Amino acid sequence: MKKRRVSLFIAIAVFAILGIILTQFFWVRDAHQLREEFFDQRAKVALKSVSTQILDAQIDSSAKYLLSPCDTLAFGNKDIREIIDAKLLDSLLMFEFNCLELDKEYFYGVFNERDSAFILGPYEGYEADLLSSKHRVSLTCIYKEDVFYLGVVFPGKEVQIMQEIMFMIVLSLVFLFILIFSFYKVIRLMYRQKKLSEIKSDFINNMTHEFKTPIATISLSSEMLLKSDVNEFPYKTRRYASVIFDENARLQKQVDQVLQLSVLEKGEFKLKLKDVDVHRIIRKMAEHFSAKMIRKGGEIKLHLQAEQHQLRADKTHLTNIIVNLIDNALKYTPEKPLINISTRNDKGMLVLSISDNGIGISPENQKHIFKKLFRVPTGNIHDVKGFGLGLFYVKTMVEAQGGNITVKSELNKGSNFIISLPVK
């Protein structure tokens, strides 16, 4: 139910964000249309003003009192080029467009609508645009002998309109981006918290299981020691006491692992650096695991080729790093494990590689294996013992000693852990 509720919440939030995006789209479209209409109105006012001023320039002061601005005038057989002064027209257009803050880049022309013939203006290359332009004014008030129009085109009209509303668009996009980014972060954090909760739950289950076994064994052995007849068989007393001792040591080791987590997180550990021979530690650990390898029918092969194998490192932690990696290789190799341990030098670093032929790690899990409490799923939660602290400890200790660790792995083909540490 909780999962369905979360999915419903996400669906509603996504729907709301899409609604906001759609609303913003319509708002920008309407704002663009309003700005375009406003631009067209300013252009219309400018052209009307220009035609009126040209008319005023052609009539004398006495005619101004007898004629309205839109009365037509007859100028005999004069050509329209003689009535409209090209320089005056150009200066009037420039003045009016500047006053009304229209685009400075424009082309205009005076043309005959009947035969589409142009007679005035810088119209070359824009004839078709001028003939279909909605920015035009009739010159019938000035010249009634034929149907002439003054038309204007603004190539940068869209750019000017977008510049006028750009601030609002950018501001809207910024807030929309912040909203989407915040939503993404919240969802990601929610899933991360869910994953962390699952990991912690898995850790508690594993810890309970791991603690339960030695406690049950100790309890049973103690119960056997309390029986009256056990003292008659000294070897039984020693055996039960040995079991209690071993299980207590195992329990103590598990408790130490759990306590080690907080130490690693806080970085409160102290390294005891001294000269260490890595090859010597590797050979010793290979011998330590030889009995387990024989029981499982496997072997450890050493390829120690590094000429410089002396490090300035913490011997205890370096040993634990190698032990953890070999132990993991054994745990995750079902049968006949083959572990290859090799060393080499590369650019002032000692490169240690520990590979196996185990079950491998999926690409998805490779991103998480060095995180605390993370355990690679194996189908059965108790199939492989541990708390998910081994690789977290390994990575922390390697980096604390100035090195780094990477992993290469394929499912059902094995894994290869590569550690680089600075040489002495």
Side-chain angles (χ1 to χ4, degrees), residues 253-254 256-257 260-261 263-264 269-296 298-333 337-346 348-361 366 369-370 372 374-376 384-409 414-424:
K253 183 180 178 181
Q254 291 169 345
D256 288 340
Q257 284 184 336
Q260 191 182 58
L261 176 62
V263 175
L264 293 176
F269 54 86
K270 291 184 179 180
L271 298 178
K272 298 179 181 178
L273 301 178
K274 59 181 180 180
D275 294 342
V276 177
D277 187 339
V278 177
H279 285 181
R280 185 175 181 182
I281 294 176
I282 292 172
R283 291 190 183 97
K284 188 175 181 180
M285 291 304 102
E287 185 179 349
H288 174 77
F289 281 95
S290 61
K292 288 184 179 180
M293 296 297 293
I294 292 172
R295 283 198 299 269
K296 296 189 74 171
E299 63 176 324
I300 297 178
K301 292 184 177 180
L302 303 182
H303 310 276
L304 309 181
Q305 300 175 348
E307 294 181 2
Q308 294 178 306
H309 46 85
Q310 292 284 337
L311 302 181
R312 188 74 176 172
D314 187 303
K315 184 177 181 180
T316 301
H317 288 303
L318 185 59
T319 302
N320 290 339
I321 288 169
I322 296 171
V323 168
N324 269 284
L325 293 177
I326 297 175
D327 191 48
N328 277 351
L330 281 169
K331 285 180 181 178
Y332 292 99
T333 305
L338 175 60
I339 300 175
N340 287 285
I341 304 177
S342 63
T343 62
R344 59 185 174 86
N345 292 120
D346 182 28
M349 305 290 282
L350 184 142
V351 181
L352 167 64
S353 171
I354 300 179
S355 63
D356 60 64
N357 60 335
I359 61 176
I361 307 169
Q366 287 180 35
I369 58 172
F370 294 112
K372 60 185 177 184
F374 181 83
R375 299 177 72 236
V376 177
V384 178
K385 308 294 184 183
F387 296 137
L389 300 176
L391 291 178
F392 172 66
Y393 166 81
V394 168
K395 185 175 187 294
T396 303
M397 288 299 107
V398 168
E399 291 179 349
Q401 298 181 78
N404 63 77
I405 181 170
T406 57
V407 61
K408 296 179 180 179
S409 183
S415 303
N416 183 19
F417 287 87
I418 304 167
I419 297 173
S420 296
L421 291 167
V423 296
K424 180 180 175 182

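When a residue number appears, it is its place in the shown sequence, counting from 1. Quantities reported herein were computed from a predicted structural model and do not represent experimental measurements.
- Here Ile326 contributes atom CD1 and Lys292 contributes atom NZ; the two are 10.5 Å apart, rounded to the nearest 0.5 Å.
- The line from CG of Leu304 to OG1 of Thr343 is 4.5 Å long, rounded to the nearest 0.5 Å.
- Contact annotation: the side chain of Ile361 never approaches that of Tyr332 to less than 4.5 Å [non-hydrogen atoms, C-beta and beyond].
- Looking at heavy atoms from C-beta onward, Gln308 lies out of side-chain contact with Leu350 at the 4.5 angstrom threshold.
- Counting only heavy atoms from C-beta outward, the side chains of Leu352 and Ile322 approach each other to under 4.5 Å.
- Surrounding NZ of Lys408 are at most 12 heavy atoms belonging to other residues, nucleotides or ligands under 6.0 Å away.
- Summarising the geometry, atom NZ belonging to Lys301 is positioned 5.5 Å from atom CG belonging to Leu338; distances are rounded to the nearest 0.5 Å.
- Nearest heavy atom pair, residue Leu391 against residue Leu325, reads CD2-CD2, 3.8 Å.
- Between Ala313 and Gln401 the shortest heavy-atom distance is CB-OE1, 3.0 Å.
- Heavy-atom minimum distance, Gly402 versus Pro422: O-CD, 3.5 Å.
- Atom CG of residue Leu318 and atom CD1 of residue Ile419 lie 8.0 Å apart, to the nearest 0.5 angstrom.
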message: Using side chain to side chain contact (heavy atoms under 4.5 Å, CB included), reason through Met293 and Leu330 one step at a time and then give a plain yes or no.
response: CA-CA 8 Å; Met293 296 297 293; Leu330 281 169; 3.1 Å; yes
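- The distance from atom CG of Asp277 to atom CZ of Arg283, rounded to the nearest 0.5 Å, is 7.5 Å.
- Between Lys272 and Thr316 there is no side-chain heavy-atom pair separated by less than 4.5 Å.
- The shortest distance between side-chain heavy atoms of Ser353 and Asn340 does not fall below 4.5 Å.
- Counting only heavy atoms from C-beta outward, the side chains of Asn324 and Tyr393 approach each other to under 4.5 Å.
- Pairing each heavy atom of Ile341 with each of Ile300, the nearest pair is CD1-CG2, 3.9 Å.
- Listed here is the closest heavy atom pair of Leu421 and Gly403: CD2-CA, 3.9 Å.
- Distance check: Arg280 CZ to Thr319 OG1 gives 11.0 Å after rounding to the nearest 0.5 Å.
- Looking at Ile321 and Ile405, their side chains never come closer than 4.5 Å, going by heavy atoms from C-beta outward.
- Taking every heavy atom of both residues into account, Ala400 and Leu271 meet most closely at O-CD1, 3.5 Å.
- Looking at Val398 and Phe417, their side chains never come closer than 4.5 Å, going by heavy atoms from C-beta outward.
- Between the side chain of Ser409 and the main chain of Gly414, a donor-acceptor pair closer than 3.5 Å is present.
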task: Just do the side chain to side chain contact (heavy atoms under 4.5 Å, CB included) check on Val276 and Gln310 with the steps written out, would you?
output: CA-CA 6 Å; Val276 177; Gln310 292 284 337; 5.9 Å; no
